[in-house]
A.B. asks: 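Right, I'll just put the structure down here and ask away after.
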Amino acid sequence: MKEKIANLILNAATSAYEKGDLPSAEFSEIEVEVPKIESHGDFSTNIAMIMASALKMPPRKIATAITKNLIDQKEMLANTEIAGPGFINFFLKASSWHPILRKIHAEDSRYGAADLGKGKKIQVEFVSANPTGPLHVGHGRGAAVGDSVANILRFCGYDVETEYYINDSGRQIETLGRSVFLRYKELYGMDVQFPQDYYQGDYIRDFAKEIKSLGGKALLEQDEEKSVSDCARFAARSITAQIRQDLTDFGVTYDKWYSEQSLYDAGTVSAVIDDFKNKKIIYEKDGALWFKTAEFGDEKDRVVVRQNGQTTYFASDIAYHRNKFERGFERVIDVWGADHHGYIQRVAASIQASGHQKDQFNVILVQLVNLLRGGEPVAMSTRAGEFVTLSDVVSEVGRDAARFLFLTRNYESPLDFDLELAKQKTNDNPVFYVQYVHARIASILRKGKERGIQHINWEDESVATLKALEEINLIKTMSRYPEVIKSSAVNMEPHRLTFYLMGLASDFHAYYNKHRVLTDDPLLSHGRLYMVTAVQKVIRNGLTLLGVSAPEKM
RNA sequence: GCGCCUGUAGCUCAGCUGGAUAGAGCAACGGACUUCUAAUCCGUAGGCCGCAGGUUCGAGUCCUGCCAGGCGUACCA
C-alpha cells in the first residue's frame, strides 16, 4: 500500500515538473508513513519539506504542485490535504483496504514473508551455556530471543542455521571433574577438603553416586588425573543432555551442537595461533602469547596462551569464529548475556584478523533478568525450594507465557520476570490476551460450522459490506504486518512483533465487543468471517515466529 | 577512572531509525455479560520524555557535557 502511494507521488512530481510547476524532478527517496494521529490521514509524506531547500521553494507550494498533479487511476483515494508545514496527507477509501484480505488468505502462513536474505547463509548462535550446571532464567531469555530472531530471519529469506556451542573443554570443565571426583571420594568415606570455588550444587553429588553405582570404586584404582577427566566427561555429557532437554521443553531445538573440544581435537586452535604468529599479530611477552587485539580497536592486547602453556577461552573462541566463516556463513550472529559485553571487541578483532568484515559479525547483547515473585526479588541461590532454573520456571508458568514474556521487552533493557504475573490470566499478562484472539475466532468458526457455513472465500458483495470503522482499522493494522516483520528482521528485534500482536489483539477485541460476526444477514456474516479468519492467520503466523502456540480453545 | 546498557504517566514498558497534539497495559475512579468465550470491552484521570546546552523548518529520537542506576573492566568462562 505504501509503495502504491509512493508511486502516486512520484508520478505526480514528475508530471508537475513536465508541466513546469516544479523546477526540478530530482528528489531523494520518497518517505511515506502512517501518521500517529488518525485525523492526519491513512498515509502521509514529508517530501515537500525534504525538497524545499533544494528547490528553493516553500514546502506548501511544492505540496500544492504535487497534489494538483496526482492521478488516482485506481480510485483509491477519498481525499488529500496539505497540512502543517507541508505534509501531504492521503485519505483512502474504505474499499481500498479490502484487497489486503485476499492477499492474507492467498499467502496464508507466508503472509508477511520478505526476501531480504536472498538465500544468504547466516548463523545464529545462542545460549551456549557451560555444561557445568542447569540453565537459569537468563538463559531462557537468550533462548527466546535467539530462537525467534532465527525464525524471523528465516521467514525473511535467509538460510539460517542455529547452533549451540558446548564449552566442553578448559578449566571450568576440569573444575567440574574435580568437584565430582571429590564427592565420589566422599562416598568412600575419604576425608576431603571441598574448595569454595568448586561446584557446590547437589547435582554434583548425584553424579558421584551415579558413577559409583555404574563402576564401583574403579576410579580410585587408576591414575587420579585420569579419574578427574573421566568424571568431567561424564558430568559434562549428562548436563549437556539435560540442557538439551530443557531447551526442547522450552520449544527450542538447534540445527547443530558444536563442541569446543572438537576444535582442539582437529588442531584448529593451534592452527589459528600459528597463522596469527606468522602474520605477526601474536607475540610473546612475560612467557605468555598475546594477540594484538588493540590494533583492531580493543582496549588492550589479550592473552591466548598462558604462561603455563594452557590456552585461554579466547583462543578457542578465535578458532571457533574463524571456523564459522569457513563453514560458509556470510554473517554470524551471537546472542550473549550483557555481562559478556567486554568480550565483543576482542572477538570482533579476531574476525577482522581472519580477513572478514566487522559487519559480518553481530552480537545481540541480552540484558539481565531479575526474577521476582509478587514484586519481591527471588534470591538466585541454590537454596532448596527457590525457583532458579529455566525448567522450574517453565513448569510453573508454562512455555508460552515464559517465551512471550521474554519478548515483551527490548533485549537492551533489563527484564523483571515476575512469576506471579506470568501465571495471571489477565490483561497484565499479554500472552493470553493475544492467544485469546485466536481461540475466540476458532470458537466463532465452530459456531459458523454449526450453522452450516463451510467455505469462507472472497466474494465481492460480502467483502463490500466491511465498512465499519473497527473493520477498516483491523484491516489497516493487518496491512502493516509485513513491515513489522521486515523491521524485526533488519533490527533483529523480535519485540517489535510482540508489540504488534498485542495491538492487533486489541483491535480485534474492540471489534468483537462492538460487532457480531455471525448475524442474520448472510452476506454480512460471510464478509466478516472472511475478515476474522484473516486476523486469525496473522495472529497464528506471528505467534509461530515467536515460538508461542495458537490455541483453538482456552 | 574507562567502556557498554538504561533513564518516557504512581508502576511495567512502546515510540515504526528526525515529523504534526508523546502512546499502551497495570493500579485509581465510573460503566457494559439472556446474544459468536467477560482471559473481553467502553469511558475518566494521569507527562519539564533524568538535567543543561547544541545541530535544523522540526528532537523523546542525532551530537556534547553533567546526574542517577545496572553490568563489565583477568594469563576466569
Side-chain angles (χ1 to χ4, degrees), chain A residues 31 33-37 39-40 44 46 49-50 52-53 58-59 83-87 89 129-130 132 167 170-173 175 197 285-290 299-300 302-314 316-317 337-345 365 367-368 370 375 408-416 418 421 424-433 435-437 439-448 450-451 480 483-484 486-488 490-491 495-496 498-500 502-503 505-506 508-519 525 528-529 532 553-554:
Chain A
E31 282 178 48
E33 54 174 32
V34 180
K36 282 184 198 164
I37 296 159
S39 64
H40 291 150
S44 173
N46 59 357
M49 278 122 80
I50 303 272
S53 62
F87 292 102
N89 296 335
N130 293 337
T132 52
N167 300 121
R171 226 171 73 169
Q172 83 285 358
I173 288 295
T175 305
D197 56 349
K285 192 181 92 182
D286 306 331
L289 289 184
W290 297 71
E299 300 167 31
K300 58 174 189 178
R302 306 290 175 176
V303 170
V304 286
V305 180
R306 290 191 277 256
Q307 218 170 19
N308 64 11
Q310 283 186 345
T311 51
T312 60
Y313 178 82
F314 180 41
S316 51
D317 241 3
D339 51 339
H340 286 65
H341 84 256
Y343 212 75
I344 297 176
Q345 281 298 334
L365 263 196
Q367 293 293 319
L368 301 183
N370 299 309
T408 52
R409 205 125 313 169
N410 188 332
Y411 53 71
E412 285 185 340
S413 310
L415 170 71
D416 290 336
D418 195 309
L421 216 76
Q424 271 174 37
K425 299 184 171 176
T426 65
N427 228 342
D428 219 356
N429 189 8
V431 207
F432 301 117
Y433 186 77
Q435 288 182 319
Y436 192 36
V437 172
R440 268 185 153 172
I441 295 170
S443 172
I444 295 171
L445 294 178
R446 283 192 294 272
K447 279 282 184 325
E450 283 172 23
R451 294 196 190 181
R480 279 181 35 232
E483 276 172 59
V484 172
K486 214 181 280 181
S487 81
S488 300
V490 169
N491 298 291
H495 80 277
R496 293 179 188 238
T498 315
F499 278 89
Y500 169 83
M502 294 192 275
S506 169
F508 174 78
H509 288 309
Y511 174 67
Y512 182 90
N513 273 273
K514 190 152 180 191
H515 302 280
R516 285 188 60 84
V517 173
L518 300 170
T519 64
S525 304
R528 288 182 171 174
L529 278 169
V532 148
K553 258 186 197 158
M554 284 175 77

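A note on names: the letters A, B, ... follow the listed sequences, proteins ahead of strands, and every chain is numbered from 1.
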A.B. asks: C1' atom, B:U35 versus B:C41: distance in rounded Å?
C.D. replies: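 Rounded to whole Å, the distance is 15 Å.
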A.B. asks: For A:Q172 and A:N167, indicate whether the former's side chain and the latter's backbone hold a donor-acceptor pair under 3.5 Å.
C.D. replies: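 Yes; judged by distance alone, with no hydrogens or angles, the pair exists.
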A.B. asks: So, is the end of the A:R440 side chain (NZ or CZ) under 6.0 Å from the ring centre of A:F508 and within 45° of the ring's axis?
C.D. replies: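 Negative - A:R440 is either too far from the ring of A:F508 or too far off its axis.
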A.B. asks: Checking side-chain polar atoms at under 3.5 Å, does A:Y343 have a donor or acceptor matched by the opposite partner on A:R302?
C.D. replies: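 Their side chains do not contain a donor-acceptor pair, so the 3.5 Å distance test is not met.
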A.B. asks: Taking atom C1' of B:G3 as reference, at what distance in whole Å does atom CD of A:Q345 sit?
C.D. replies: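 Those two atoms, CD and C1', are 9 Å apart.
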A.B. asks: Treating primed atoms plus P, OP1 and OP2 as sugar-phosphate and everything else as base, which nucleotides of nucleotides 58-63 of chain B get B, S or - for protein heavy atoms under 4.0 Å?
C.D. replies: --B---
A.B. asks: I'd like the C1' distance from B:A22 over to B:C33, given in whole Å.
C.D. replies: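 Each nucleotide's C1' atom is 35 Å from the other's.
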A.B. asks: Taking OH from A:Y511 and P from B:C36, how many angstroms apart are they, rounded to a whole number?
C.D. replies: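 Roughly 15 Å, once rounded to whole Å.
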A.B. asks: Expressed as a whole number of angstroms, how long is the span from A:E483:CD to B:C16:P?
C.D. replies: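 Spelled out: CD on A:E483 to P on B:C16 is 13 Å.
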A.B. asks: Can you tell which of B:A39, B:A20, B:G19 lies closest to the side chain of A:S44?
C.D. replies: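 Ranking B:A39, B:A20, B:G19 by closest atom to the A:S44 side chain puts B:A20 first.
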A.B. asks: Expressed as a whole number of Å, how far does the C1' atom of B:G10 sit from that of B:G47?
C.D. replies: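 That atom pair is separated by 12 Å.
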A.B. asks: Taking A:Q307 for its side chain and A:D286 for its backbone only, find out whether a donor-acceptor pair lies under 3.5 Å.
C.D. replies: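 Confirmed, A:Q307 side chain pairs with A:D286 backbone.
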A.B. asks: What interatomic distance, in whole Å, is found between P of B:C13 and the corresponding atom of B:C71?
C.D. replies: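 16 Å, rounded to whole Å.
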A.B. asks: Can you name the closest pair of heavy atoms from A:M49 and A:P85 and give their distance?
C.D. replies: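 For A:M49 versus A:P85, the nearest heavy atoms are CE-CG, 3.8 Å.
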A.B. asks: Taking the side chain of A:E33 as heavy atoms from C-beta outward, which of B:G19, B:C41, B:C71 is closest to it?
C.D. replies: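 When the side chain of A:E33 is considered, B:G19 is the closest of B:G19, B:C41, B:C71.
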A.B. asks: Where does the angle between the aromatic ring planes of A:H495 and A:F499 fall among parallel (under 30°), tilted (30 to 60°) and perpendicular (over 60°)?
C.D. replies: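 Perpendicular: the ring planes of A:H495 and A:F499 meet at over 60°.
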A.B. asks: Quick one: is A:R409 getting a side-chain N or O under 4.0 Å of the B:U6 phosphate, OP1 or OP2?
C.D. replies: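 No, A:R409 has no side-chain N/O under 4.0 Å of OP1/OP2 on B:U6.
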A.B. asks: Please report the distance separating the P of B:C62 from the corresponding atom of B:C4, rounded so that it comes out in whole Å.
C.D. replies: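 14 Å, rounded to whole Å.
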A.B. asks: May I ask you to say what A:N46 touches in the nucleic acid, namely base, sugar-phosphate or nothing, with a heavy-atom cut-off under 4.0 Å?
C.D. replies: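 The residue A:N46 makes base contact.
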A.B. asks: CG of A:N410 versus C1' of B:U8: gap in Å, rounded?
C.D. replies: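 Taking atom C1' of B:U8 as the reference, CG of A:N410 is at 14 Å.
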A.B. asks: With heavy atoms under 4.0 Å as the rule, sort A:N89 into base, sugar-phosphate or nothing.
C.D. replies: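 The residue A:N89 makes base contact.
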A.B. asks: Within this structure, what is the NE2-to-C1' distance between A:H509 and B:G43, rounded to whole angstrom?
C.D. replies: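 Rounded to whole Å, this separation is 19 Å.
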A.B. asks: Mark yes or no for whether A:T175, through its side chain, and A:R171, through its backbone, hold a donor-acceptor pair below 3.5 Å.
C.D. replies: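 Yes; judged by distance alone, with no hydrogens or angles, the pair exists.
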A.B. asks: Side chain of A:V517 only, please: which of B:U40, B:A14, B:C36 is the nearest?
C.D. replies: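 That would be B:C36.
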A.B. asks: OP1 or OP2 of B:A77 versus the side-chain N and O atoms of A:Y313: is any pair under 4.0 Å?
C.D. replies: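 For B:A77, neither OP1 nor OP2 has a side-chain N or O of A:Y313 closer than 4.0 Å.
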A.B. asks: Indicate, with a heavy-atom threshold strictly under 4.0 Å, whether A:T519 touches base, sugar-phosphate, or nothing.
C.D. replies: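 A:T519: no heavy atom of the nucleic acid under 4.0 Å.
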A.B. asks: The side chain of A:N130 lies closest to which of these nucleotides: B:A14, B:U21, B:A77?
C.D. replies: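 The answer is B:A77.
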A.B. asks: Step by step, would you call A:N429 with A:L421 a side-chain contact (heavy atoms from CB on, under 4.5 Å)?
C.D. replies: CA-CA 7 Å; A:N429 189 8; A:L421 216 76; 5.7 Å; no
A.B. asks: For A:S44 and A:N89, indicate whether the former's side chain and the latter's backbone hold a donor-acceptor pair under 3.5 Å.
C.D. replies: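 Side chain of A:S44 to backbone of A:N89: no pair is present.
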A.B. asks: Kindly say whether A:P414 contributes a backbone atom to a donor-acceptor pair with the side chain of A:R409 at under 3.5 angstrom?
C.D. replies: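 No; judged by distance alone, with no hydrogens or angles, the pair does not exist.
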A.B. asks: Looking at every strand, decide which applies to A:F499 at a 4.0 Å heavy-atom threshold: base, sugar-phosphate, or nothing.
C.D. replies: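 Since only primed, P, OP1 and OP2 atoms lie under 4.0 Å of A:F499, the category is sugar-phosphate.
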A.B. asks: What is the distance, rounded to the nearest whole Å, between atom CG of A:D418 and atom P of B:C11?
C.D. replies: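 After rounding, the gap between these two atoms is 16 Å.
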A.B. asks: Taking the chi torsion of B:C33, is it syn (within 90° of 0) or anti (everything else)?
C.D. replies: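 Because its glycosidic torsion lies within 90° of 0, B:C33 adopts the syn conformation.
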A.B. asks: Just to be sure I understand: a Watson-Crick pair is purine N1 to pyrimidine N3 plus N6-O4 or O6-N4, both under 3.5 Å. Using that and G-U wobbles, which stems of three or more pairs involve RNA chain B?
C.D. replies: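 Expected stems, ordered by start: B:1-7 with B:67-73, B:10-13 with B:23-26, B:28-32 with B:40-44, B:50-54 with B:62-66.
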A.B. asks: Show each protein N/O and nucleotides 73-75 of chain B N/O combination with a separation under 3.5 Å, one pair to a line.
C.D. replies:
from: B:C75; atom 1: O2; to: A:Q307; atom 2: N; distance (Å): 2.7
from: B:C75; atom 1: N4; to: A:D286; atom 2: O; distance (Å): 3.4

A.B. asks: Which sits closer to the 5' end of RNA chain B, A:L365 or A:H40, going by the nucleotide each is nearest to?
C.D. replies: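 On the 5' side of the pair lies A:L365.
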A.B. asks: Could you tell me whether the side chain of A:N410 and the main chain of A:E412 form a donor-acceptor pair under 3.5 Å?
C.D. replies: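 Yes: the side chain of A:N410 pairs with the backbone of A:E412.
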A.B. asks: Measure across A:F314 and A:V303 and return the closest heavy-atom pair with its distance rounded to 0.1 Å.
C.D. replies: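 Shortest heavy-atom contact: CD2-O, 4.1 Å.
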A.B. asks: Quick one: label A:Y343 by what it contacts on the DNA or RNA (base, sugar-phosphate, nothing), any heavy atom closer than 4.0 Å.
C.D. replies: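 Here A:Y343 touches the bases of the nucleic acid.
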A.B. asks: Expressed in whole Å, how much space separates the C1' atoms belonging to B:C29 and B:G46?
C.D. replies: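 Each nucleotide's C1' atom is 12 Å from the other's.
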A.B. asks: A:H515 has an atom NE2; how far is it from atom C1' of B:C41, in whole Å?
C.D. replies: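 To the nearest whole Å, that distance equals 12 Å.
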A.B. asks: Mark this stacking check for A:H340 against B:G72 as yes or no, applying ring centres under 5.5 Å and ring planes under 30°.
C.D. replies: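 Answer is no, no stack.
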A.B. asks: Please confirm whether any donor atom in the side chain of A:H341 sits under 3.5 Å from an acceptor in the base of B:G3, or the reverse.
C.D. replies: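 Counting by modelled atom types and ignoring angles, a donor-acceptor contact under 3.5 Å is found here.
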A.B. asks: Quick one: label A:R516 by what it contacts on the DNA or RNA (base, sugar-phosphate, nothing), any heavy atom closer than 4.0 Å.
C.D. replies: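 Base contact.
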A.B. asks: Please answer whether the main-chain N or O of A:Y433 pairs with a side-chain N or O of A:H509 as donor and acceptor at a distance below 3.5 Å.
C.D. replies: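 Yes.
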A.B. asks: With a 4.0 Å limit, can you tell me whether A:Y512 has a side-chain N or O closer than that to the phosphate oxygens OP1/OP2 of B:A32?
C.D. replies: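 For A:Y512, the contact criterion (side-chain N or O under 4.0 Å from OP1 or OP2 of B:A32) is not met.
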A.B. asks: Report which part of the nucleic acid A:A439 touches: base, sugar-phosphate, or nothing (heavy-atom distance under 4.0 Å, all strands).
C.D. replies: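 The residue A:A439 makes base contact.
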A.B. asks: Considering just the side-chain nitrogens and oxygens of A:H495, establish if one lies under 4.0 Å of OP1 or OP2 belonging to B:G15.
C.D. replies: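 For B:G15, OP1 or OP2 has a side-chain N or O of A:H495 closer than 4.0 Å.
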A.B. asks: Quote, to the nearest angstrom, the P distance that separates B:U44 from B:G1.
C.D. replies: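 Approximately 49 Å lies between the P atom of B:U44 and that of B:G1.
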A.B. asks: Between A:R451 and A:L368, which residue's closest nucleotide on RNA chain B lies nearer the 5′ terminus?
C.D. replies: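 Whichever sits nearer the 5' end wins; that is A:R451.
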A.B. asks: Using the P atom as the reference point in each nucleotide, state the distance between B:A45 and B:G25 in Å, no decimals.
C.D. replies: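 Per the computed distance, 15 Å lies between those P atoms.
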A.B. asks: Show the numbers, then the answer: is there a side-chain contact (heavy atoms from CB on, under 4.5 Å) between A:L529 and A:L518?
C.D. replies: CA-CA 8 Å; A:L529 278 169; A:L518 300 170; 4.0 Å; yes
A.B. asks: What is the distance from NZ of A:K553 to C1' of B:C36, rounded to the nearest Å?
C.D. replies: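 It is 14 Å, rounded to the nearest whole Å.
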